[in-house]
Amino acid sequence: IEQPTFPKITEMCVKMIRRVNDEEGIKKLVNETFQKLWFTPTPHHDKDAMTRKILNITDVVAACRDTGYDWFEQLLQNLLKSEEDASYKPVKKACTQLVDNLVEHILKYEESLSDSDNKGVNSGRLVACITTLFLFSKIRPQLMVKHAMTMQPYLTTKCSTQNDFMVICNVAKILELVVPLMEHPSETFLATIEEDLMKLIIKYGMTVVQHCVSCLGAVVNKVTQNYKFVWACFNRYYGALLKLKSQHQEDPNSTILTANKPALLRSLFTVGALCRHFDFDQEDFKGNSKVNIKDKVLELLMYFTKHSDEEVQTKAIIGLGFAFIQHPSLMFEQEVKTLYNSILSDKNCSVNLKIQVLKNLQTYLQEEDTRMQQADRDWKKVAKQEDLKEMGDISSGMSSSIMQLYLKQVLEAFFHNQSSVRHFALNVIALTLNQGLIHPVQCVPYLIAMGTDPEPSMRNKADQQLVEIDKKYAGFIHMKAVAGMKMSYQVQQAINTCPKDPVRGFRHDESSNALCSHLYSMIRGNRQHRRAFLISLLNLFDDTAKTEVNMLLYIADNLACFPYQTQEEPLFIMHHIDITLSVSGSNLLQSFKESMVKDKKKERKPSSDEETESDSNSGSESESEEEASKPRRLRKRVDSDSDSDEENDINAVMKSLPENSAPLIEFANVSQGILLLLMLKQHLKNLCGFSDSKIQKYSPSESAKVYDKAINRKAGVHFHPKQTLDFLRSDMANSKITEEVKRSIVKQYLD
């Protein structure tokens with residue numbers, strides 16, 4: 001049998017491994033497959049097998065560079081956990097072999113980088129190997145302890161390409177995890193690391209600074225306690241900011257400030273990054289000084305958030321976000337609350353600033369989650385000496401209070417037209433819900449709305465949150481379903497790129513699925529909840545509900561395209577459409593008649609033929625739905641002069657129209673709901689192939705089993721309510737009343 005090529009194997013592995021968090025059966029299969037493929041010990045003499053394994057793993061890691069590595073961490077955790085209590089631990093042995101061989105491969109790649117022909121390929125391989133080592137270090141840092149000294153020289157890599165920067169960042173992340181676990185590391189080794197990191201912090205950009213400061217935090221706080229070294233670095237950048245602030249206060253338009261902008265940006269970012277990992281109010285740093293460093297830093301960073309240059313504002317907000325991780329209580333300060341909430345709620349505010357505020361909240365929540373997990377692990381080590389629940393409550397109590405402050409503004413960010421803003425807002429809400437920091441019921445309508453997002457990753461994430469809420473709190477989804485539908489319309493309005501086009505309620509792809517199909521599929525299983533939900537939606541079409549026409553179109557689209565499974569579902573809707581039409585339709589015609597002028601010269605007694613027709617059209621029993629939904633000129637007429645009759649009818653009504661055109665527009669507006677219901681009923685009838693007798697025989701009180709048969713959907717049946725689409729596109733509700741518009745409305749009345 002021909003062996004598949006490496007790229008083919010890599011592609012297959014990537015597809016499989018992404019199912020690691022799937023349902024139990026698939027999860028088990030994925031774990032078993034990769035245990036055999038990667039995490040089974042290799043005989044020491046079989047170097048080729050080990051090389052193939054290393055190449056395969058690093059290829060898969062490289063292929064997932066843009067989508068993240070959660071799958072690898074999850075897979076490794078699952079496998080190591082499965083053998084925790086076993087005497088023989090093959091996965092642990094295989095991991096040790098893999099780590100040792102990955103380090104060997106790194107050394108080989110480094111040697112071959114001097115070969116100019118393969119430089120690009122080997123540089124990519126080097127990054128993939130070091131990234132894989134970092135992933136192992138994240139789950140089992142002990143595996144890398146003996147290799148820490150081998151990794152340290154890579155901090156001095158000369159950076160000329162993106163791959164070089166990735167090498168430095170990943171090595172810094174590995175050393176951050178590994179150095180604190182080393183027993184009696186040499187002072188020279190530690191001093192070299194500190195100096196290398198400091199050089200990188202001073203020389204390179206944001207990503208490198210962030211990872212190197214984080215690594216320095218682990219080395220200094222947990223191992224060397226070399227606080228003076230860090231204090232000197234902090235003062236360098238803090239002093240620069242103070243100087244730049246005073247220059248700005250003296251002359252905001254100074255050319256010196258323009259020249260010093262790169263130094264200002266670096267100082268704002270670095271001061272924040274240092275404050276994230278070091279508490280400078282400790283005596284170890286500031287000695288006996290009574291100055292409150294965190295308040296001084298807050299004041300300084302807040303000053304630059306009001307700067308006229310957006311780039312400076314952004315860096316100041318990034319710095320604040322870092323400082324809040326070390327001191328979350330600063331987020332309760334009034335000036336911080338005003339800053340964050342004004343940026344999130346101001347529609348005209350820069351998208352970059354909105355995203356940065358949301359990123360700050362996201363990073364804070366992620367850090368809190370990591371802290372809680374670490375506290376949990378530490379507690380398990382020391383058994384029951386401490387009350388962990390109490391520890392957790394203090395920390396989560398702070399997070400909960402913070403999120404209550406900003407929750408409304410974060411949720412409102414779902415209605416932004418930029419997908420990146422919605423993306424980060426959803427991340428913040430997902431983290432907040434996963435940590436149990438707020439009552440989920442207030443988020444349900446917003447999550448339903450986000451379930452209609454055009455981007456699959458976002459709607460899947462929102463849908464997943466709803467599933468989790470439904471598992472824990474039965475009935476919450478149903479309770480907020482209609483509010484969620486209305487909110488989803490607002491989201492669609494916000495992201496509608498062409499305001500002249502009406503907002504539609506189905507996907508513009510081959511599936512033509514309802515945008516809220518996931519919501520319906522969650523509710524449909526409970527007959528009582530499903531019926532209550534459908535009736536609530538149909539009630540919005542009542543003329544007394546005063547629902548705007550485009551929202552009615554959006555809801556009708558959803559009702560037309562919901563994933564109905566049994567005959568009972570569409571029959572129930574059609575039954576209630578008939579009830580609504582028999583009341584609202586008659587009322588609507590009556591109110592129009594009453595608005596006509598009662599002048600004896602103008603008044604014309606309608607012929608009995610015409611009166612009969614108007615009455616018959618308002619009820620759905622006297623004429624088949626198919627006939628009622630057709631334009632008047634297409635209906636079955638005995639009279640061969642139907643067109644001239646229609647023209648006479650229109651002229652007769654035109655003469656009776658009042659001078660005040662408001663009732664006409666009101667009629668045109670309100671009648672759209674009736675027209676949509678007629679069209680919806682006709683659509684469902686065509687889609688499901690129901691006969692008139694079947695529809696009329698249906699009774700909601702019948703046993704559920706009678707209509708439990710599956711629907712036989714007809715292909716190619718689309719919902720296209722032309723009259724309502726024309727009404728919205730022509731903006732008739734706001735248009736000037738011309739003779740043509742009047743004739744159009746009169747014709748609508750007669751139809």
Among side-chain atoms of Gln356 and Asn360, is any donor-acceptor pair under 3.5 angstrom?
yes
By ring-ring contact (aromatic ring centres under 6.0 Å, His included) - contacts of Phe39 (at least two apart):
none
Indicate the ring-plane relationship of Trp231 and Phe280, choosing parallel, tilted or perpendicular according to the 30° and 60° boundaries.
tilted
Salt bridge (Lys or Arg N to Asp or Glu O under 4.0 Å): pairs with one or both residues in residues 86-99, sequence neighbours excluded
none
Less than 4.0 Å between a side-chain N and a carboxylate O, is that true for Arg125 and Asp59?
yes
Under the ring-ring contact (aromatic ring centres under 6.0 Å, His included) rule, collect the residues that match up with Phe304, sequence neighbours excluded.
none
Taking side chain to side chain contact (heavy atoms under 4.5 Å, CB included) as the test, write out the residues that go with Asp284, two or more places apart.
Tyr227, Gln282
Holding to ring-ring contact (aromatic ring centres under 6.0 Å, His included), I want the full list of residues that pass it with Tyr69, two or more places apart in sequence or in another chain.
none
Return a table of donor-acceptor pairs under 3.5 angstrom between the side chains of residues 151-159 and protein atoms on other chains or two or more places apart.
unit_1	atom_1	unit_2	atom_2	d
Gln152	NE2	Asp196	OD2	2.8
Tyr154	OH	Glu110	OE1	3.0
Thr156	OG1	Pro153	O	2.6
Thr157	OG1	Tyr154	O	2.6

Just checking, any donor-acceptor pair under 3.5 angstrom between side chains of Gln74 and Asn78?
yes
Residues which pass side chain to side chain contact (heavy atoms under 4.5 Å, CB included) with Ala49, listed by chain and number, not counting sequence neighbours
Thr42, Asp46, Arg52
Of all residues at least two apart in sequence or in a different chain, which pass the ring-ring contact (aromatic ring centres under 6.0 Å, His included) check with Phe136?
Phe72
Among residues at least two apart in sequence or on other chains, which ones pass side chain to side chain contact (heavy atoms under 4.5 Å, CB included) with Ala63?
Thr10, Val14
In plain terms, say whether Lys28 and Glu32 are close enough for a salt bridge, that is, a side-chain N and a carboxylate O under 4.0 Å apart.
yes
Can you tell me which residue pairs pass the ring pair (Phe, Tyr, Trp, His ring centres under 6.0 Å) test with a partner in residues 179-217, sequence neighbours excluded?
Phe165-Tyr204
If we check side-chain contact (heavy atoms from CB on, under 4.5 Å) with Leu361, which of these qualifies: Ile429, Leu431, Val410?
Val410
Contacts of Asn288 meeting side chain to side chain contact (heavy atoms under 4.5 Å, CB included) (sequence neighbours excluded), chain-then-number -> Glu283
Can a side-chain donor-acceptor contact be found between Lys461 and Asn427 if the only test is distance below 3.5 angstrom?
yes
Under 3.5 Å donor-acceptor pairs involving side-chain atoms of residues 314-324, not counting sequence neighbours:
unit_1	atom_1	unit_2	atom_2	d
Thr314	OG1	Glu310	O	2.8

